[in-house]
Protein chains: 2
Amino acid sequence: MQLQCPMPKLDFEVITLGHGSGGLLTNRLLDSGVFEVLKNDILDKRHDGATLNLSGPTAFTTDSFVISPIFFPGGNIGELAVNGTVNDLAMCGALPEYLSLSFILEEGLPVKQFWEVLVGVKVACELAGVQVVTGDTKVVEKGKGDKVFINTTGVGRLHPRAQIDVNRVQPGDQIIVSGQLATHGMAIMSVREGLEFETTIESDSCNLNHAVRALLDAFGPDIHLLRDPTRGGVATVLTEIARDTGLGVNLQQRQLPIDPQVAGACEMLGLDPLYVANEGLFIAVVAAEKADEALAMMREQPYCENAAIIGEVTTDHPRKTVLTSSIGGKRVVNMLTGEQLPRIC
Amino acid sequence: MQLQCPMPKLDFEVITLGHGSGGLLTNRLLDSGVFEVLKNDILDKRHDGATLNLSGPTAFTTDSFVISPIFFPGGNIGELAVNGTVNDLAMCGALPEYLSLSFILEEGLPVKQFWEVLVGVKVACELAGVQVVTGDTKVVEKGKGDKVFINTTGVGRLHPRAQIDVNRVQPGDQIIVSGQLATHGMAIMSVREGLEFETTIESDSCNLNHAVRALLDAFGPDIHLLRDPTRGGVATVLTEIARDTGLGVNLQQRQLPIDPQVAGACEMLGLDPLYVANEGLFIAVVAAEKADEALAMMREQPYCENAAIIGEVTTDHPRKTVLTSSIGGKRVVNMLTGEQLPRIC
């Protein structure tokens, strides 16, 4: 997945405060390869802002990424920052087009690490089909940041057939999850805790815009709601849906797709996979009569081969999400209370 | 300038990691008053992203703010983060409309400080006439950030008469600065160094979009270029213009507007005001025949009463900015090399 982007030869090995000055060193850093790697006609203008040609309803979304560590099995913070915002746009029913990219670097960061993050940005942009068109670089003193923080903000036109709105969720709607739960969170946790498994648990960070586009092309208004269960996990998203619709959600534990190794890691650490953060995962709330067809189609999309129907919307218990366990017991699922895994994205 | 926004009663006094979890505590923080303070129809939808109705050429720009201290004479980081991005949009010739707002908070931040920053955001939005329509909140461990970092990203339609483009700069064009130099940088520096003057030097942080709009309404395509000389100061912007146009810039020291107290502070600290960061300042490169008229009009705009013509574009010394000193000597002005004042914005 990594592009061949050899790092340019530079006369500095670490990021210094001067690289955030806006002056000569900032220009030298950007000219050393940043503009070259991210090259496109709009960025090449190098104005304070980009000029885009947008028309009609446009989605606009922002996220700051503070994940630690910045390199993890299956990705790095650069690639995550692109996918995260691409996916938030897709969840609005939009076709992601343009991103802004803003770095807050900690003084002393090895330029080699900055470069790897930047290549991660580029690779993720190419896979998702989006462009970075404007950016910013700040540097803070050592101990006032943590290596790399990234903000990406994205825009994209709404899919012409999209009618994503929490108010369109109806009793009987089926809840489809696009893949296996808890993979990203457990990938990060395994690194932090030094857990060893037979194979490395890799983050599921990926773009979801192509899969969402295919769904909207085919099912348009029958897709009532899209959400990506990142921080707070699947449980938090479902409780939010119940809260915002005033309806209930029934969830079937035995239908939750989860990799056995990830399930094992969760058990070992006493974590409930329903609350663990995901990155390359989305939840679609789909009209009942189209759900089977939508599921079949999702399974053919990239990164969605493990998609499954995990529950449905109901009038039975308004504003509550109720999980039916594998052995038939029922319990109410609440929103994540404290912080299970800080700095997961 | 401060709105009356009494802080809500909360059951927590400091920001904890849980407030960045995406779960219950994040929701509690947002519901405690964030949504209420920033209230508007689009934000109220509380989706992952906002849906905007944009049409035609649209400017898109991003900035992260890491200023230290977060409260300073004349403003705070919240108000700066709004004005900074509003002004970058204005420099594109755009009419700022919508902002995203993304916080990276350090664990332990007093909620009272967060609230004051938020009120700063609100006040600046109202003055500029823009709305925050989407946002994000992350929290990092104590010692991994520095109180508050903010990213704002903005969009706005291009002014129909704007033709801002570095390629439109021509020999003979006059260079107008909208106000006094070096005020923001010296306000921050005075606080950091504990300098005392007869009166406090206050940051010039303000919005420039209303002044720019008036200029574009009146002079349209005769405004060839707009730039705000923030980090790197006026010198860096002018050297960039010389570099990007291949033309020369003549600068007259005696025409540079500067507050005597700010000039004194610069001298005391051995800083050249040409390199000190500004916030509420812009440079307009204007067709020669309209420059006097444009200057007269600018002086009637908010925050621009000290506007002055400070130089002109020339073919005399391609790619170089040359300063004529008060006593008639000439020297080449280069881009800021190191970092004069870190974390000025």
Side-chain angles (χ1 to χ4, degrees), chain A residues 16-18 20-25 27 47-64 66 88-89 91-92 94 98 100-102 104 133-136 138-141 143-146 149 151 153 155 158 227-228 230-232 236 335-340 342-343, chain B residues 17-18 20-25 27 47-64 66 88-89 91-92 94 98 100-104 133-136 138-141 143-146 149 151 153 155 158 227-228 230-232 236 335-340 342-343:
Chain A
T16 62
L17 285 172
S21 67
L24 193 68
L25 285 176
N27 272 277
H47 202 288
D48 274 345
T51 302
L52 311 177
N53 267 299
L54 299 169
S55 58
T58 303
F60 178 52
T61 183
T62 192
D63 248 324
S64 288
V66 298
D88 277 351
L89 287 172
M91 296 307 112
C92 298
Y98 302 112
S100 65
L101 175 69
S102 179
I104 299 176
V133 291
T134 191
D136 181 46
K138 295 290 193 306
V139 182
V140 296
E141 304 91 332
K144 300 294 185 182
D146 194 10
F149 299 150
N151 177 279
T153 302
V155 290
L158 285 201
R227 281 281 163 100
D228 59 339
T230 51
R231 286 179 296 169
T236 297
M335 201 174 270
L336 176 64
T337 42
E339 172 61 298
Q340 202 180 39
R343 298 183 60 192
Chain B
L17 285 173
S21 67
L24 193 68
L25 286 174
N27 273 277
H47 202 287
D48 274 344
T51 302
L52 311 176
N53 267 299
L54 299 170
S55 57
T58 304
F60 177 52
T61 182
T62 193
D63 247 324
S64 287
V66 298
D88 277 350
L89 287 173
M91 296 307 112
C92 299
Y98 302 111
S100 65
L101 176 69
S102 179
F103 286 106
I104 299 175
V133 291
T134 191
D136 181 47
K138 295 290 193 305
V139 182
V140 296
E141 305 90 333
K144 300 294 185 181
D146 194 11
F149 298 150
N151 177 281
T153 302
V155 290
L158 284 202
R227 282 281 163 100
D228 58 340
T230 52
R231 287 179 295 169
T236 297
M335 201 174 269
L336 175 64
T337 40
E339 171 61 299
Q340 201 180 42
R343 299 183 59 191

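Predicted model, so just to flag it, every value in this text is computed and none were measured. A note on names: the letters A, B, ... follow the listed sequences, proteins ahead of strands, and every chain is numbered from 1. Any value given below was found using the heavy atoms of this structure, including those in side chains, with hydrogens, waters and symmetry copies removed.
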(request) Only pairs at least two apart or in different chains count here, so list each side chain to side chain donor-acceptor pair (under 3.5 Å) that has a residue in residues 54-63 of chain A. (result) A:Thr62-A:Asn151, A:Thr62-A:Thr153, A:Asp63-B:Lys138
(request) Would you mind checking which part of B:Leu158 comes under 4.5 Å of any heavy atom in chain A, side chain (CB onward), backbone (N, CA, C, O), both or neither? (result) side chain
(message) If I measure from the heavy atoms of chain B, does A:Ile104 come under 4.5 Å with its side chain, its backbone, both, or neither?
(response) side chain
(request) Select, from B:Asp228, B:Asn27, B:Leu101, the one with the greatest count of heavy-atom pairs under 4.5 Å involving chain A. (result) B:Asn27
(request) Mind checking the CG-CG spacing from B:Asn53 to A:Leu54? Nearest 0.5 Å is all I need. (result) 11.5 Å
(request) Select, from B:Gly56, B:Gly20, B:Gly135, B:Ser21, the one with the greatest count of heavy-atom pairs under 4.5 Å involving chain A. (result) B:Ser21
(message) If you compare all heavy atoms of B:Ser64 against all heavy atoms of A:Ser102, which two are closest, and at what distance to 0.1 Å?
(response) OG-OG, 2.5 Å
(request) Using the test side chain to side chain contact (heavy atoms under 4.5 Å, CB included), find all partners of A:Leu17 that sit at least two apart in sequence or belong to another chain. (result) A:Glu107, A:Val139, A:Glu141, B:Glu339, B:Pro342
(request) With the side chain counted from C-beta on, respond yes when B:Asp146 and A:Val140 share a heavy-atom pair under 4.5 Å apart, and no when they do not. (result) no
(request) Specify which of B:Ala94, B:Gly232, B:Gly143, B:Ser100 makes the most heavy-atom pairs with chain A at under 4.5 Å. (result) B:Ser100
(message) Just verifying a value: how many Å separate A:Leu25 CG and B:Thr337 OG1, rounded to the nearest 0.5 Å?
(response) 7.5 Å
(message) Which one wins on heavy-atom pair count under 4.5 Å against chain B: A:Cys92, A:Gly145, A:Ala59, A:Gly18?
(response) A:Gly145
(message) Over 60° means perpendicular and under 30° means parallel, so tell me whether A:Phe149 and B:Phe149 are parallel, tilted or perpendicular.
(response) tilted
(request) Give the minimum heavy-atom separation between A:Thr236 and B:Gly23, together with the two atoms involved. (result) CG2-CA, 4.1 Å
